[in-house]
Amino acid sequence: MSSTELFQWIKKNTKEFSEIEGVTFSGGEPFSQANRLAEVAKMFQNAGLSVMSYSGLTIEEIGRNGLAMRELLSQLDILVDGEYVRELSCNRLWRSSTNQRVHFLTKRYLSHVESVDKELREFEVVIGRTTMNVTGFPEKFAMK
């Protein structure tokens, strides 16, 4: 799927973006697809949506790994960097292990700065007619 097709698909399936605040790139390694994601991230930013990404790479590694990765980084409002480490598991906002860091790359979410080190595990459940999708890391009790 091209960047434009992805953008249009999300737009169509969120009622012209009225149902979402922004998009988050996660799973696998978003920065391994930096060229395409930078293109689509710019489209989302131009449409007034926020763009956040997770990466197993650190922001320093991203900065050293080429123009495409730096271009994607320049389109983000927030980057959560660092690999998930099970032994360092935590319940912090947007993170699942204490080695991960939250980088506010624009002013858009600065109101959350004081919350990032609090114990605030968030997750999202989307229930469809025949499916249920869980994004994030809910506590075990929530999945019973």
Under the 3.5 angstrom rule, does the side chain of R70 hit a backbone N or O of G63 as a donor-acceptor pair? yes
Do M43 and L73 belong to the same hydrophobic cluster, where Ile, Leu, Val, Met, Phe, Trp and Tyr are linked whenever their side-chain heavy atoms lie under 4.5 Å apart, directly or via other members? yes
Can you check whether M52 reaches V80 side chain to side chain, under 4.5 Å on heavy atoms? yes
Donor-acceptor under 3.5 Å (Q100 side chain, S96 main chain): yes
Tell me if the centroids of the rings in F7 and F17 come within less than 6.0 Å of each other. yes
May I ask you to decide if I59's main-chain N or O and D81's side chain share a donor-acceptor pair within less than 3.5 Å? yes
Counting distance only, does the side-chain N/O of S97 pair as donor-acceptor with the main-chain N or O of S89 below 3.5 Å? no
Linking I/L/V/M/F/W/Y whenever any side-chain heavy atoms sit under 4.5 Å apart, do V40 and M69 land together? yes
Under 3.5 Å donor-acceptor, N99 side chain and E83 backbone: yes
Side-chain heavy atoms nearer than 4.5 Å, only ILVMFWY residues, links allowed to pass through others: does that put F25 and I20 together? yes
What heavy-atom pair brings S74 and E71 nearest, and what distance separates the two atoms? OG-O, 2.6 Å
Can you check whether R36's main-chain N or O pairs, donor with acceptor, with S3's side chain at less than 3.5 Å? yes
Do you know which two heavy atoms are closest between M132 and I127, and how far apart they sit? CG-CG1, 4.0 Å
N/O donor-acceptor pair under 3.5 Å between E61 side chain and T58 backbone: yes
Closest approach of K42 to Q75 (non-hydrogen atoms, all atoms of both residues): CA-OE1, 3.4 Å
Does L76 reach the side chain of H103, with side-chain heavy atoms less than 4.5 Å apart? no
Walk me through it: do Y54 and T24 pass the test side chain to side chain donor-acceptor pair (under 3.5 Å)? CA-CA 8 Å; Y54 286 87; T24 300; over 6 Å; no
Below 4.5 Å, heavy atoms only, C-beta onward: do L79 and I62 meet side chain to side chain? yes
List for me each residue that meets side-chain hydrogen bond (donor to acceptor under 3.5 Å, both in side chains) alongside T106, sequence neighbours excluded, and say none if there are none. D77
Measuring only between side-chain heavy atoms, which start at C-beta, is L49 closer than 4.5 Å to E21? no
Mark yes or no for whether E29, through its side chain, and F31, through its backbone, hold a donor-acceptor pair below 3.5 Å. yes
Student check: side-chain heavy atoms of I78 and H112 closer than 4.5 Å: no
